[in-house]
Amino acid sequence: MQNTKLTVRLPKGLLEKAKRYAAEQNTTVTKLIETYLRRIPGESELDNAPIVQRLSGTLSQDLSVEDHKQHLEEKYGQ
């Protein structure tokens with residue numbers, strides 16, 4: 001992947017804070033920004049995976065996390 005330069009304008013105090021944090025983490029501000037930007041949701045490679053396509057829609061939209069917890073308690077007990 002080819003890198004390119006980007007100019008970003010930030011308040012001076014925020015930039016200094018980012019530099020200190022980066023130094024504490026043994027990284028760079030550039031790497032911090034890159035890591036953050038990679039977390040922006042995009043089209044997931046799994047969205048088109050065959051297993052995901054087969055399983056999509058198999059559970060009712062009405063089920064909640066609590067329903068799942070109750071199912072596990074009933075199945076396995078506590």
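None of the values given here were measured: they were computed from a predicted structure.
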Quick check on the hydrophobic clustering: are L37 and L32 connected, directly or via other members, by side-chain heavy-atom contacts under 4.5 Å?
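Hydrophobic grouping puts L37 apart from L32.
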
Residue pair K31 / T27: nearest heavy atoms and the distance that separates them
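Shortest heavy-atom separation between K31 and T27 comes out as CB-OG1, 3.2 Å.
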
Do you know which two heavy atoms are closest between T28 and A22, and how far apart they sit?
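It is C-CB, 3.7 Å.
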
Salt bridge between E34 and R38, side-chain N to carboxylate O under 4.0 Å?
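Judged by the 4.0 Å cut-off on N to carboxylate O distance, E34 and R38 do form a salt bridge.
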
What distance do L14 atom CG and R9 atom CZ have between them, rounded to the nearest 0.5 Å?
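Reported to 0.5 Å precision, the distance equals 15.0 Å.
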
Got a second to check how far E73's CD is from H68's NE2, nearest 0.5 Å?
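It is 10.5 Å, given to the nearest 0.5 Å.
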
Student check: side-chain heavy atoms of L10 and V8 closer than 4.5 Å
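Side chain of L10 against side chain of V8, heavy atoms only: contact under 4.5 Å found.
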
Would you say the side-chain atoms of Q70 and E74 include a donor-acceptor pair closer than 3.5 Å?
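The answer is yes; a qualifying pair exists.
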
